[in-house]
Student: 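Below are the C-alpha cells for one structure; questions will follow.
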Amino acid sequence: MTLALVLFADASRVNARQLRADLALPVRLLGIGLPLTIGAGAALAAGLFTGAGLWVAAAIGAIVAPTDAALGASIMEDERVPAGVRRVLNVESGLNDGIATPFVNLFLTGAASAEAVHGASSLTTAVIDLLGGAGIGFGIGLAGAVLLAQARKHHWSAAGFRPLAVLALALFAYSSSVLAGTNGFVAAFVGGMTFGTAFPRHDDELLEFSQEAGTLMSLLVWFVFGAAMLIPGLDGATWRDVVFAVLALTVARMIPVALSLAGAGLDHKTVAFVGWFGPRGLASVVFGLIAVDTLAAPEARVVLAAVTVTVALSVLLHGITASPLAARYGRVADRLHPERPEHVSAGPLTTRSLQRRGTLSRGNPE
C-alpha cells in the first residue's frame with residue numbers, strides 16, 4: 001500500500017498532455033530496457049550464485065530491476081535537469097515496478113514449485129494483469145478528478161478534507177485492482193496520472209498531503225528494511241553479492257538503457273545520466289520480502305543477501321551523486337541546441353522555474 005501511494009502521488013504530478021511528446025522514450029525504456037535489465041540481472045545472478053538455480057537467479061534479476069520513484073525524487077524536482085528528462089525518469093520509475101510484478105511472481109512460482117510453468121499461459125495472464133490494472137486505474141482516476149472538481153465547484157466539500165479524498169483515491173485504485181486480480185501498482189500509477197491530467201486546475205496543496213503521507217509511510221518501510229532485512233542480509237553477504245550489486249547498478253542497467261535509447265537522438269551524456277539514475281528501493285524491498293516469505297530457507301538467504309546489498313549500495317551511491325551530477329548534467333543540457341530532444345520534449349517551463357535556474361537574468365532565450 002505504501003508503494004501504491006507513492007506511485008499515485010508521483011504520477012499525479014505528470015500531465016499526460018505534456019507527456020505525449022516524450023511518450024516514445026518511456027516506451028523504449030519499459031518495453032526494451034526493462035526486459036533487457038531483468039535478463040542481464042538474471043544472467044549475472046546465475047553466473048555468481050551457481051547453486052541457487054535458474055529460477056532463483058531470474059527472480060533476483062526481476063526483483064532488483066525496478067527503479068524507485070521516491071529515491072529519485074531529488075532528481076525529479078531538480079529544475080537544473082530538463083523537464084522532459086525528469087518526466088521520462090518519473091514515468092519509467094512509476095510503471096516499471098508494476099510491469100516487473102508478473103515476472104517476479106512467475107519466477108518465484110517456478111522457484112517454489114517443482115511443476116513447470118506454462119510460458120504462453122503466464123504471458124497471457126501477465127498482459128491481462130497489466131491492462132486490467134491500467135483500465136481500473138484510469139477509470140478511478142478520471143471519476144475521482146471529475147467528482148472532486150464538482151465537489152469543489154459547488155462547495156460540497158470542505159477544503160481541509162479534499163486532500164484526504166486524493167489519498168483515498170490512491171488506496172482505492174490499488175485495492176480495487178488487487179481485488180479484481182489485476183496489477184495494483186500499475187492501477188495506482190495510471191490512476192494518479194489520469195487524476196493529475198483530468199483535474200481542472202493543478203493544486204499543489206491538494207496533492208501535497210498524499211505526497212507527505214507517502215513519504216512518511218516510505219520511511220516506515222525503510223525502518224522495516226533496516227530492522228528486518230539489513231542486518232540478516234549483510235550477515236549472509238559475500239563478495240559475490242557485492243560484485244552482483246555493483247554490476248546490477250551499472251552495466252546491467254546502463255547498457256540496456258543505452259540500447260533502448262539508441263536512435264532516439266539524445267546526447268550520449270543524457271543517455272548516461274538516465275542510465276545511472278535508476279535507484280533501487282521500495283519495490284525491490286517489497287519484492288525481496290515476498291521472496292523471503294515464499295522460498296525455502298537456502299534460496300531465501302541468497303535472495304535476501306543479494307537484494308539487501310544492492311538496495312543498500314544504491315541508496316548510498318545514488319544519494320551521494322544525485323545533486324552533483326544533476327548540477328553537472330544541467331550545465332551540459334544548457335549548452336545543447338534548443339532543438340535537441342532534451343529541450344524540445346521538455347515542455348514549457350514556468351517563469352518561476354526560469355528564475356530559479358537564472359536563465360531570465362542571463363537573457364538566455366531558453
Side-chain angles (χ1 to χ4, degrees), residues 1-16 19-20 22-35 37-38 62-70 72 76 87-109 122-145 166-198 210 214 217-218 221 278 280-287 290:
M1 293 179 68
T2 298
L3 181 57
L5 179 56
V6 170
L7 291 175
F8 188 97
D10 288 336
S12 65
R13 298 180 298 179
V14 178
N15 190 304
L19 182 64
R20 281 181 296 183
D22 306 321
L23 188 59
L25 298 181
V27 168
R28 284 169 172 256
L29 290 172
L30 295 169
I32 301 174
L34 180 60
T37 301
I38 293 175
I63 288 171
V64 301
T67 59
D68 188 278
M76 315 296 183
R87 277 200 298 272
V88 167
L89 287 171
N90 190 22
V91 173
E92 182 206 9
S93 62
L95 284 176
N96 60 12
D97 36 21
I99 296 174
T101 304
F103 292 97
V104 174
N105 291 336
L106 172 64
F107 299 148
L108 289 179
T109 300
S122 299
L123 179 61
T124 302
T125 301
V127 171
I128 295 173
D129 191 46
L130 295 172
L131 293 179
I136 291 173
F138 176 81
I140 291 176
L142 180 61
V166 180
L167 177 64
L169 279 176
L171 301 180
F172 184 46
Y174 172 74
S175 58
S176 298
S177 182
V178 171
L179 288 173
T182 57
N183 197 303
F185 298 139
V186 170
F189 189 84
V190 173
M193 185 184 297
T194 304
F195 179 85
T197 302
S210 295
M217 293 176 68
S218 296
V221 172
R280 293 356 183 248
L282 196 59
S284 296
V285 170
V286 172
F287 292 151
I290 293 173

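In this text, all values refer to a predicted model and were calculated from it rather than measured experimentally. The residues of the chain are indexed from 1 along the displayed sequence.
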Student: Looking at every non-hydrogen atom in both residues, tell me the closest pair between I38 and A65 and how far apart they are.
Tutor: CG1-CB, 3.6 Å
Student: Which atom names give the shortest non-hydrogen contact between V104 and A62, and what distance separates them?
Tutor: CG2-CB, 3.7 Å
Student: Would the distance check show the side chain of S12 and the main-chain N or O of G196 forming a donor-acceptor pair, the cut-off being under 3.5 Å?
Tutor: no
Student: Could you pull out all donor-acceptor pairs under 3.5 Å where a side-chain atom in residues 133-145 meets a protein atom, sequence neighbours excluded?
Tutor:
none

Student: Going by the angle between their ring planes, with limits at 30° and 60°, are Y174 and F185 parallel, tilted or perpendicular?
Tutor: parallel
Student: Would you say CZ of F107 has more than 12 non-hydrogen atoms from neighbouring residues, nucleotides or ligands within 6.0 angstrom?
Tutor: yes
Student: Can you see which heavy atom on I32 is nearest to which on P35, and at what distance?
Tutor: O-CD, 3.4 Å
Student: Check whether any side-chain N or O of N96 sits under 3.5 Å from a backbone N or O of P66 as a donor-acceptor pair, and report yes or no.
Tutor: no
Student: How close do A283 and D68 get, heavy atom to heavy atom, and via which atoms?
Tutor: N-OD2, 4.2 Å
Student: Evaluate the criterion side-chain contact (heavy atoms from CB on, under 4.5 Å) for residue pair M217 and V6; output intermediate values, then yes/no.
Tutor: CA-CA 9 Å; M217 293 176 68; V6 170; over 6 Å; no
Student: Does any part of the side chain of S218, heavy atoms only, come nearer than 4.5 Å to the side chain of L282, both counted from C-beta?
Tutor: yes
Student: Less than 4.5 Å apart, side chain to side chain, heavy atoms only: is that true for L34 and E92?
Tutor: no
Student: To the nearest 0.5 Å, tell me how far L25 CG sits from L30 CG.
Tutor: 11.0 Å
Student: Partners of S176 by side chain to side chain donor-acceptor pair (under 3.5 Å), sequence neighbours excluded?
Tutor: none
Student: How long is the span from the CZ atom in F287 to the CG atom in L3, to the nearest 0.5 Å?
Tutor: 7.0 Å
Student: Does the side chain of F8 come within less than 4.5 Å of V166's, by heavy atoms?
Tutor: yes
Student: Please tell me if the side chains of L108 and I290 come closer than 4.5 Å, counting only heavy atoms from C-beta onward.
Tutor: yes
